[in-house]
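Data block below; observations after.
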Amino acid sequence: MNAVANLADERLLIEAARNDPSRFAELYEKNFDRVYAFVARRVRDRGEAEDLTAEVFHQALLNIGRFQWRGVPFAAWLLRIAANKLADRWQHAARNPEVPAESVEEAGMDVEVERRAMLFQLVDQLPSDQRLVILRRFVDQKSVREISQELGRTEGAVKQLQFRALQALRSKARSNHE
């Protein structure tokens with residue numbers, strides 16, 4: 001099945017979950033492994049990874065009505081929620097005076113989590129065609145050729161969209177740090 005058909009199927013699943021929360025289970029099953037892997041790579045403790053993953057899906061279920069379809073995989077929204085949860089968790093841990101010494105050392109990872117959360121927000125602000133190319137290249141890890149076939153554009157056009165998107169992201173990231 002091609003990616004466009006997958007996105008159409010996913011959109012139908014999202015609409016079904018909006019109308020009947022019991023249908024969210026299908027989205028959960030489809031995306032659990034990706035979200036758990038994302039969280040588990042960023043925390044040391046398996047229990048914490050499981051808790052955070054559960055929080056991500058709980059928040060997604062609560063906010064499914066606010067989800068806006070933008071033609072990108074539902075997993076991108078879930079990963080943005082996960083990045084925000086991780087950032088919140090590390091910020092809380094860094095400020096909490098009762099945190100054990102080894103957890104304070106892990107707070108250095110806070111910068112990385114915040115950077116990723118900011119990147120998700122910046123990508124979300126890109127024009128839809130640029131956002132889709134960035135997500136396909138760097139989240140789905142697809143080649144320029146695969147993306148060009150999926151979008152029905154030339155490889156040069158996809159490279160140009162990627163170039164412009166990366167330029168915009170660099171510019172926005174610099175302006176956020178100044």
Do Leu126 and Val133 have side chains that approach each other closer than 4.5 Å (heavy atoms only, starting at C-beta)? no
Test Arg153 against Asp129 for side-chain contact (heavy atoms from CB on, under 4.5 Å), laying out the working first. CA-CA 11 Å; Arg153 294 189 173 192; Asp129 54 350; 3.8 Å; yes
Are Arg34 and Phe38 in a cation-pi contact, defined as NZ or CZ under 6.0 Å from the six-membered ring centre and within 45° of the axis? no
Under-4.0 Å salt bridge between Arg11 and Glu15: no
With rounding to the nearest 0.5 Å, note down the distance linking CG in Leu52 to CD1 in Ile81. 12.5 Å
Please check if the side chain of Ser171 supplies one atom and the backbone of Ala168 the other of a donor-acceptor pair under 3.5 Å. no
If you draw a 6.0 Å radius around CZ in Phe163, do more than 12 non-hydrogen atoms from other residues or ligands fall strictly inside? no
All heavy atoms of Val56 vs all of Ala82, minimum pair found to be CG2-CA, 3.5 Å
Say you draw a straight line from CD of Glu155 to CD of Glu146; how long is it, rounded to the nearest 0.5 Å? 10.5 Å
I'd like to know whether Trp77 forms a side-chain contact (heavy atoms from CB on, under 4.5 Å) with Asn31, so could you lay out the CA-CA distance, the side-chain angles of the two residues, the decisive distance to 0.1 Å, and finally the verdict. CA-CA 11 Å; Trp77 186 60; Asn31 293 287; over 6 Å; no
Does the side chain of Leu132 come within less than 4.5 Å of Ile147's, by heavy atoms? no
How many angstroms lie between atom CZ of Phe24 and atom CD of Glu29, to the nearest 0.5 angstrom? 11.0 Å
Are the side chain of Gln130 and the backbone N or O of Pro127 linked by a donor-acceptor pair below 3.5 Å? no
Could you tell me whether the side chain of Phe67 reaches within less than 4.5 Å of the side chain of Asn63, counting heavy atoms only? no
Can you measure from CD (Glu26) to NZ (Lys30) and round to the nearest 0.5 angstrom? 10.0 Å
Take Phe57 and Leu27, measure what side-chain contact (heavy atoms from CB on, under 4.5 Å) needs, and give me the verdict at the end. CA-CA 9 Å; Phe57 282 102; Leu27 290 167; over 6 Å; no
More than 12 non-hydrogen atoms from neighbouring residues, nucleotides or ligands closer than 6.0 Å to CZ on Arg164, yes or no? no
Please confirm whether the backbone N or O of Gln125 pairs with a side-chain atom of Arg131, one donor and one acceptor, at under 3.5 Å? no
Could you pull out the closest heavy-atom pair between Ala40 and Ala49, with the gap in Å? CA-CB, 3.9 Å
Sidechain-backbone polar pair: Arg137 side chain, Lys142 backbone, donor-acceptor under 3.5 Å: yes
Taking atom CZ of Arg136 and atom CG of Leu161, what is their separation to the nearest 0.5 Å? 13.0 Å
Please step through side-chain contact (heavy atoms from CB on, under 4.5 Å) for the pair Glu50 and Arg46, ending with a clear verdict. CA-CA 6 Å; Glu50 291 168 355; Arg46 180 178 176 177; 3.1 Å; yes
Give me the atom names and distance for the closest heavy-atom approach of Ala17 to Ile64. O-CG2, 4.3 Å
Out of curiosity, Glu48 CD to Arg42 CZ, how far, rounded to the nearest 0.5 Å? 13.0 Å
